[in-house]
**Student:** 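Below is one structure. I have some questions about it.
No experiment lies behind these values; they were computed from the predicted model shown.
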Amino acid sequence: MADIKPFKCIRPDVSVADKVAALPYDVYNRKEACEEVKDKPLSFLNIDRAETQFDDSMDMYSDCVYEKAKELLNARIADGTFIQDDDEAYYIYELTMEGRSQTGIVACSSIDDYLENRIKKHEKTRADKELDRINHVDRTSAQTGPIFLAYRSNEVINGIVAKAKESTPLYDFVADDEIRHAVWKISSIDDNRAIREAFNTINSIYIADGHHRAASAVKVGLKRREEHPDYTGDEEFNYFLSVLFPDDQLMIMSYNRVVKDLNGLDKEEFFNQVSKYFCIEEKGTKAFYPEQKGCFGMYLDEEWYLLSAKETIMSDDPVDGLDVAILQDYLLTPILGIGDPRIDNRIAFIGGIRGLEELEKRAATDMKIAFSMYPTSIGELFDVADAELLMPPKSTWFEPKLRSGLFIHKIEE
């Protein structure tokens, strides 16, 4: 059963929480990160991406970059930007975007649950991306970006969360992107015990977003175990920072595709090949998202088309039946020649938050053809993870994004 525990949180002083909170480190490239921290000395991105403190000649993975992250974190703790709670507690973190809210429990999850697959994955990680966060966590001895986890909704937890939200929040602010962030602390010993016991009845918890951060935190924990062969399992390095959301509150947005060319085909040849697997319907110039599974929007030469997968290519397999897999297996690979979408520079992926206008823009500039997707469901994500399979790349786009810097978990006393 899942071991989800309360912790002694390091968190920003109320007066600066809105200035500290930052989008996750991996939503920016280096140039964007440097631009984002300009005139924002308290933004947690300064710590999460400490290469922003150096000029472009500095290797962003240099040892001194991680040392700078440690230095900045310790300085912000020393000057009172961050405070540390003395008691172990859970926190409630609610994000509201365009009138829709999702409310999670901030806690620490067991690395053993991850290793023994009670915390389930659906994405393959890359060693080079892991190494950066391994070095960051190990050098700072802190987990600074929470892992986004999901679980099947639980009445006991829901009841405690609803009761806690009746009190005054610790933080309540609207960020620059108009997303509201509110945080409450669960201080009651009885409520904390009840939450831990409730999670202990849950067999499976799922990584929604943050596979690389999770893998990195676990590897640092294993490294610390090697360095402390007398460890008991209760040490903080045996746990990683998480926000856990009930499945019925989560929304996955579409993850759309754009491709550079038609792989040497003229338009007629392309449509002939597509029609072997999909029914094609002209939709005019009005952009649209498909309204059901097995359907795709396609934008080519300033016209939109509805593609509907033929019954012969639909599948009950947890992975093969995903819309992203159907498009890849029956159009992108065999017709447009996109082999491995992870490395093929002829394809790009556009998060649903960017809107359909971005697809039209890309198709009119550096790309040729665009596809709008019906979003993967949270149930499909659970099914893939339960089968111990992996989703195709860029299958899910979660919004809103959790902020870094609101919760910090130190992994050494």
**Student:** Answer whether the closest heavy-atom distance between the side chains of W184 and Y91 falls below 4.5 Å.
**Tutor:** no
**Student:** Decide, yes or no, whether a salt bridge links K163 with E166 under the criterion of side-chain N to carboxylate O below 4.0 Å.
**Tutor:** no
**Student:** What pairs of residues pass the side-chain hydrogen bond (donor to acceptor under 3.5 Å, both in side chains) test when at least one of them lies in residues 100-109, not counting sequence neighbours?
**Tutor:** E94-T103, T96-S101, R100-Q102, T103-K165, S109-S242
**Student:** What do you reckon, is CD of Q292 surrounded by more than 12 foreign heavy atoms closer than 6.0 Å?
**Tutor:** no
**Student:** Please step through side chain to side chain contact (heavy atoms under 4.5 Å, CB included) for the pair Q143 and I411, ending with a clear verdict.
**Tutor:** CA-CA 7 Å; Q143 296 152 358; I411 60 172; 3.4 Å; yes
**Student:** Using only heavy-atom distances, determine whether the side chains of S187 and D87 contain a donor-acceptor pair under 3.5 Å.
**Tutor:** no
**Student:** Between T52 and Y28, is a side chain to side chain contact (heavy atoms under 4.5 Å, CB included) present by the stated rule, with each step listed?
**Tutor:** CA-CA 11 Å; T52 58; Y28 302 100; over 6 Å; no
**Student:** Should L95 and R180 be marked as a side chain to side chain contact (heavy atoms under 4.5 Å, CB included) after you check the CA-CA gap, both sets of side-chain angles, and the distance that decides it?
**Tutor:** CA-CA 6 Å; L95 301 93; R180 177 179 175 239; over 6 Å; no
**Student:** Side chains of S15 and D13: donor-acceptor distance under 3.5 Å anywhere?
**Tutor:** yes
**Student:** Quick one about D323 and T376 (side-chain donor to acceptor, distance below 3.5 Å, no hydrogens or angles considered), yes or no?
**Tutor:** no
**Student:** Going by the side-chain hydrogen bond (donor to acceptor under 3.5 Å, both in side chains) test, name the single residue among H211, E130, H212 that passes it with T125.
**Tutor:** E130
**Student:** Does CG belonging to L389 count more than 12 external heavy atoms closer than 6.0 Å?
**Tutor:** yes
**Student:** Side chains of Q328 and T333 only: does a donor on one sit below 3.5 Å from an acceptor on the other?
**Tutor:** yes
**Student:** Are the side chains of I83 and R11 in contact, using a 4.5 Å heavy-atom criterion?
**Tutor:** yes
**Student:** With no hydrogens and no angle check, do the side chains of N238 and R225 hold a donor and an acceptor under 3.5 Å apart?
**Tutor:** yes
**Student:** Quick check against the 3.5 Å criterion: does Y171 have a side-chain atom that pairs as donor or acceptor with the backbone of P12?
**Tutor:** yes
**Student:** Could you check whether R152 pairs with D386 (Lys NZ or Arg NE/NH1/NH2 to Asp/Glu carboxylate O, under 4.0 Å)?
**Tutor:** yes
**Student:** For the side chain of K401 and the backbone of F398, is there at least one donor-acceptor N/O pair under 3.5 Å apart?
**Tutor:** yes
**Student:** Show your reasoning for whether side chain to side chain contact (heavy atoms under 4.5 Å, CB included) applies to I186 and N192.
**Tutor:** CA-CA 7 Å; I186 300 179; N192 277 292; 4.2 Å; yes
**Student:** Regarding E236 and R224, does a basic nitrogen lie under 4.0 Å from an acidic carboxylate oxygen?
**Tutor:** no
**Student:** Just wondering, do K410 and I10 contact through their side chains at under 4.5 Å, heavy atoms?
**Tutor:** yes
**Student:** Can you pull the ring-ring contact (aromatic ring centres under 6.0 Å, His included) pairs that have at least one residue in residues 359-387, sequence neighbours excluded?
**Tutor:** Y206-F382
**Student:** Tell me, yes or no, whether the heavy-atom count around E282 atom CD, taken from other residues, nucleotides or ligands under 6.0 Å, exceeds 12.
**Tutor:** no
**Student:** How far apart are the C-alpha atoms of E35 and K31, what are their side-chain angles, what is the distance that settles it, and do they pass the salt bridge (charged side-chain N to carboxylate O under 4.0 Å, His left out) test?
**Tutor:** CA-CA 6 Å; E35 190 65 30; K31 181 179 179 181; over 6 Å; no
**Student:** Parallel, tilted or perpendicular, judged at 30° and 60°: which one describes the rings of F82 and F44?
**Tutor:** perpendicular
**Student:** Taking the six-membered ring of F296, is the NZ or CZ of R257 close enough (under 6.0 Å from the centre) and on axis enough (within 45°)?
**Tutor:** no
**Student:** Angle class for the Y277/Y330 ring planes (parallel below 30°, perpendicular above 60°, tilted otherwise)?
**Tutor:** tilted
**Student:** Can any side-chain N or O of N46 pair as donor or acceptor with the backbone N or O of Q53 at less than 3.5 Å?
**Tutor:** no
**Student:** Using a strict threshold of under 4.0 Å (side-chain N to carboxylate O), is an ion pair present between K368 and D301?
**Tutor:** yes
**Student:** Evaluate the side-chain proximity of P392 to L322: yes if any heavy-atom separation is below 4.5 Å, no if none is.
**Tutor:** yes
**Student:** Please verify the inter-ring angle class for F349 with Y255; under 30° counts as parallel, over 60° as perpendicular, anything in between as tilted.
**Tutor:** perpendicular
